[in-house]
Each structure stands twice: as C-alpha cells, then as structure tokens.
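Before any comments, here is the structure.
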Amino acid sequence: MAELLFETYGVRSVAFGVDAVFSYKYNQLHGICEKDGLAICPGFTTTHVIPFVDGEPVYKGCCRTNIGGYHITDYLKQLLSLKYPHHMARFTWEKVEDLKMEHCYIAPDYALEAQLFQKGGKEAEDKTRCWQLPWVPLPTEEPPSEEEIARKAAIRERQGQRLREMAEAKRSSRINELENQLHGLEFLLQQLGQVQEEDIPSFLSETGYASKQEIELTLTKVTQSLRKAKGEPKPEQAENEEKADSCTSDKYPLINVPDNMLTPDQLKEKKRQIFLKTTTEGRQRAKQKCVEEELERERKTQQDEERRLENPQLYLEQMHTKYKELYEKIELRKRLKTNGGHTNGSNSGGVGRGERLNAAQRERMRLLTTAAFDRGKGEDTFGAKDEDWQLYKLMGKDNDDDDDGADEDEAELARVSSRLQEIDSTFVPKLEPTASQPTITEVPHVRPLTKEDFQIVLGVERFRCPEILFHPNLVGIDQVGLDEMTGVSIRRLPSKDKALENRLTSSVFMTGGCSLFPGINERLEAGIRMLRPCGSPIKVARALDPVLDAWRGASLYAANSRFHQQTFSRADYYEKGEDWLRRYQVRYTL
C-alpha cells in the first residue's frame, strides 16, 4: 500500500492505524472503557481481540479469527434459500443484510433456545418474525345483480323460444315428408295389386324395389316413423310381435320350406336367409339385454338413493366397506393370477409351481397331464376321438369364468367408486395401473396462491446465524469463538500479572457492526465468566456507535497538532525502505 501511494500517486506522508484501536481511544475519552482493557471487534470478514495496557494496544497479545458479519449474512441467505426456494430471487444480499440487522439476536443459551422453538408454544411464536412479500390478491368475481340475472333469463327465454319454433318447423316438415312417402307406398301397393303376375318383375324394376315384401317392410317403417314424429303412442306388444312375425315370415319365406322342395339356388338363398335371421335375432337379443341391464342399474341406483335418504351415515359406511372388500378381492385375484405377491405376505424363499397357480390354472395343468399320460406308454392317439377336443373347451371355460368374475367385480368397483365420489367429497379412489392400461401420471391439483405463500417466516434463523460468532464450526470454520478469544489474548501477554488480567476483564469493550446484535454483551460476559476464576470482575461495554466510532477516533487523531510527527513521509520511505515501515508503530494520541 505504501509503495502504491508513494510511487504511483506521489503522496507526501502516510499514517496507518487499526480501526478497533481508534474506536477504543475515542470511547475512552467518553468514559466508556478504561486504560487497561480488551477491545473486541467482530468486523465484516474477521474478528479481532486487542488488549490495552496503560492506554496503548499490545499487538503481541492480539488474537484473530476468520469469522465476521459477511459469514452471518451468507449463512442466513443460504438458510432462507433452502427454506423458500420459490422466492430465491427475493433474497438479495442487501435485503438479507437488512433482515440480519433488524431481526437477528444472540441467544443466552443456544441449546435451550433451539429446544424452545422445537417444542413450539406461545413464547416461540412471540419470538417469530414474518416478512410479507408484495402480493396482489386474485380478482374476485362479484355476483351478478338482479337486473343482470333478469336480462340473461330473458335472453335465454328468447333463445329457447327460437329453438322451439325451429324444432316445430322441422317436425312439421318431417311429418309432411313421411306422409307423402306413406301415400306413395300405399298407392304403389294398390297399383301392384292390379298388375298381372307375369308383369310384376318388370313393374318392380321400374319402382326400384326387389319384391312386394320389401315395399311392405318399407311401409311399416315409414308408418312407425310417422307415428313417432306425431308423438302417438306405440301399439301393444302383442301387435308388434304379430307384425314382427308376419314381417319375418314374409322377409324370410324359405326358412320353413324343406330342402328337398328347393332348387340349388333356393338352397343358397335359404342359407343366406337363415344367417341373416340369426344375426338379426342376435342383435335384438343383445339390445334387449342392454336395455334390461340399464333398467337394472336404474333400479339399483334408485334403491341406493332410498337407502341413503333413510340413513345417510350408515349408507356411507356401508359403501366404504363394500369398496374396500371389492378392492381387496380384485387385488388378491391379480396377485394369484400374475404371481405379483404371495398371500402369506412373504417374499423370500423358493415357491413351487403349484403354489403360484390359481385354481383355474391348476385345473388346466391337471387336464393336460391327464391327456398326456392316461393312455399308458403306448402310441399317442390324442385327438382321434371327438371327446378329446372337449378338453380345450373345459380349459377355456375355466379361464372365461375367472375373467367374467373379474370383469363383474371391476364393474361393480367402478360403480361404487363413482357413487362414493358423488356423496363423499373426501373420498379418493385407489388407482392401480393394469396391463392393458398404461400408467397415467396424475396431474397435481394447483391451488391458488394466497397471502401466506408470500410470507417469509424467521424463526430459528434469528439466533442460529449469529451463533457462528461463538461457534464457527456451524459453518465449517475450525476456530474458537468470541469468549475463548479473550482467554487466548490474555495468555499471549508478556506479563502474567493476575491484577492486570482482572483489570483487562473488568473493561471488555465491544465495537464493530456485529456488536449491535441484542444479547451479545450478556452472552460474552457469561462465556468469559466460564473461563475466568470464580470471583473475577467482568464487565462488558459497547461503543457509543459501534459502526462510526472508528472513523471519529481516526478524525480526532488526524486533527491533533502532533499528527505530522507520527506519519511516515516519502523521504523516510526512500531513505529507510519499506522494511522499516514494517517496524513502524503509530502512537495513538487524541
């Protein structure tokens, strides 16, 4: 520094000093500390302890540790960033520095203070501070006024009236179209009755119909459509069945005719008619079955609703019990079928083939074994008899029965789950991926952000961060704390005078920005008392202004009339060299 000042900037003289010493001398003038004492200065990156004897610093007894306010701020910034990662951009260095100086304090006993916050309670809540970040609540929709509701209702009424008029016009057009088609078919049948037998094919070719039965079937369909469009009631079931039978006999005339009375072409046509009739009847039966199942579901739903209205609490408990039983039953069937686990809950040890198969699989294994070995050691004739092939039907039947039961249970489980979701808002169904259904990642429900989501709560961080002044090992620095530094500094003094040690501990002076933490004087006094003999006088005092007293002391030192005699001039630098500067020691005269 001297080389830079003298050779580059050409200054005339330089004086060096220690900030803690300037602060100590300034506060000594105001009676805060005595001539003999210890100056403790926890600064920005380091902490120093300087002993004073007869008003002058004894640098041989100094002690330094590499811990300071920078490390406290950095530690607090790390803790808040880990605690609130979504607000990490808010924790700028300047803001964390303000939070440190405004909310941090030194705990009298760190372990007891941590236990207090761990247990919680009124006292811990009182010591907790909250920093509210800027937050704008989401706009809330105001309920519509009565005039707005009436206006929307009128609009809906007009739209409904317009739709009803359009539907009525469409219905009238449809009725007219069906009536014209019906009159045309009736006139066509009337004309067909007047045509000679040999002229019927040519007459039908002109109309586009293949036979008289097709015209009658079309007439029946148009009549039914017209009756449905007009809203007339349907005919009785007996009449429908009679008409259906007549239509069937007319549509499939070759079914009841013996084969020996038909030509080869008619036999082919008969087979086609039998196939068409069988397919149609199968579709009708399937449709009827669907209708019956729908009616059965409606009946069950109605019964469930009646039971729920009678005793809602009992009904809810029964539904939960039923859901649990069905779910466990399906899971057990899956484990037995896929060998995903054992019923006894053990996953260790070898398990035989027979223990891993369910009942249907064991039955198929038995049938296959019987088919292979029931004929002795002779020639394998399996398949020569028709009854041998019944074996596959038996195996398929067992498997189908098992799958049908699983499908019914899964359908019932889905129905119960849907019902529980309707009546119980807290019910969450258990979703298990199957082999046929891929695993679907459920999208987490995102709730709207509230005021609490923008609050930074300072609890244990208030005393945990400045605790590194007394326990630097919390941040990985293997050095002593403030209280132990005083003992190290006293032991480094050349003279081992007990009276001098008592005078030093009776005037412990705190300066520097970190000495502003509340409770640091009491904690330092308690720590020094643990190191000194019983009955030793101990007094800790803080500077009038721990931040600016060093500058005030330096300004008084520079304003002294003998200041120019204590400086290191440029001539001294060129004459004596920089080695002499290392032995240079300023006399702090204020």
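Positions are given from 1 along the sequence.
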Distance, nearest 0.5 Å, that separates [atom1] of [X] from [atom2] of [Y]:
X: N27; Y: F509; atom1: CG; atom2: CZ; value: 3.5 Å
X: N66; Y: I477; atom1: CG; atom2: CD1; value: 7.0 Å
X: L504; Y: L493; atom1: CG; atom2: CG; value: 6.0 Å
X: Y574; Y: R570; atom1: OH; atom2: CZ; value: 6.5 Å
X: I50; Y: C62; atom1: CD1; atom2: SG; value: 4.5 Å
X: C465; Y: I106; atom1: SG; atom2: CD1; value: 10.0 Å

Looking only at non-hydrogen atoms, find the nearest pair between [X] and [Y] and report the distance.
X: L474; Y: Y75; answer: O-OH, 4.3 Å
X: F568; Y: G577; answer: CZ-O, 4.2 Å
X: M485; Y: T47; answer: CE-O, 3.4 Å
X: I520; Y: C514; answer: CD1-O, 3.6 Å
X: F22; Y: A550; answer: CB-O, 3.5 Å
X: T505; Y: N502; answer: OG1-O, 3.1 Å

Using only atom types and a distance under 3.5 Å, with no angle test, would you say the side chain of [X] pairs donor to acceptor with the backbone of [Y]?
X: T321; Y: E317; result: yes
X: Y24; Y: E34; result: yes
X: S81; Y: M88; result: no
X: H71; Y: G68; result: yes
X: K127; Y: F117; result: no
X: S489; Y: T486; result: no
X: D453; Y: T450; result: yes
X: R542; Y: N521; result: no
X: D36; Y: L500; result: no
X: K25; Y: G55; result: yes

Tell me whether [X] is salt-bridged to [Y], with the criterion being a basic N under 4.0 Å from an acidic carboxylate O.
X: E97; Y: K100; value: yes
X: E102; Y: R129; value: no
X: E525; Y: R529; value: yes
X: E412; Y: R415; value: yes
X: D98; Y: K95; value: no
X: R151; Y: E148; value: yes

* Please check if any side-chain donor atom of Y105 sits under 3.5 Å from a side-chain acceptor atom of R523, or the reverse. => no

Find out whether [X] and [Y] are in side-chain contact, i.e. whether some heavy atom of one side chain is under 4.5 Å from a heavy atom of the other.
X: E146; Y: I149; value: no
X: L482; Y: T65; value: no
X: I490; Y: L531; value: no
X: L420; Y: L316; value: yes
X: R464; Y: E467; value: no
X: M530; Y: D483; value: no
X: W93; Y: T73; value: yes
X: R462; Y: T128; value: no

Quick check on [X]: does its [atom1] atom have over 12 non-hydrogen neighbours (other residues, nucleotides or ligands) under 6.0 Å away?
X: E484; atom1: CD; result: yes
X: R419; atom1: CZ; result: yes
X: H471; atom1: NE2; result: no
X: K329; atom1: NZ; result: no
X: E123; atom1: CD; result: no
X: K324; atom1: NZ; result: no
X: E452; atom1: CD; result: yes
X: W551; atom1: CH2; result: no

* Stepwise, does the side chain to side chain contact (heavy atoms under 4.5 Å, CB included) test hold for F16 with M1? -> CA-CA 10 Å; F16 293 94; M1 177 62 70; 4.2 Å; yes

* To do: Please test H48 against V18 for side chain to side chain contact (heavy atoms under 4.5 Å, CB included), starting from the C-alpha separation and ending with a verdict.
  => CA-CA 10 Å; H48 291 86; V18 181; over 6 Å; no

* Between Y323 and L413, is a side chain to side chain contact (heavy atoms under 4.5 Å, CB included) present by the stated rule, with each step listed? -> CA-CA 6 Å; Y323 178 83; L413 180 66; 3.4 Å; yes

Only counting residues at least two apart or in another chain, list the ones meeting side-chain contact (heavy atoms from CB on, under 4.5 Å) with [X].
X: C41; answer: D19, A20, T511
X: L516; answer: M101, P546, V547
X: Q318; answer: R307, L314
X: Q132; answer: W135, K451, F454, Q455

* Take the angle between the ring planes of Y84 and H87 and call it parallel below 30°, perpendicular above 60°, tilted in between. => tilted

* **ring-ring contact (aromatic ring centres under 6.0 Å, His included) partners of H30, counting only residues at least two apart** => Y26

* Listed partners of F6 passing ring-ring contact (aromatic ring centres under 6.0 Å, His included), at least two apart -> Y573

* Audit row: D549, R552, salt bridge (Lys or Arg N to Asp or Glu O under 4.0 Å) steps and yes/no -> CA-CA 5 Å; D549 278 355; R552 293 189 177 97; 3.3 Å; yes

* **Ring centres under 6.0 angstrom apart (Y110, F470)** => no

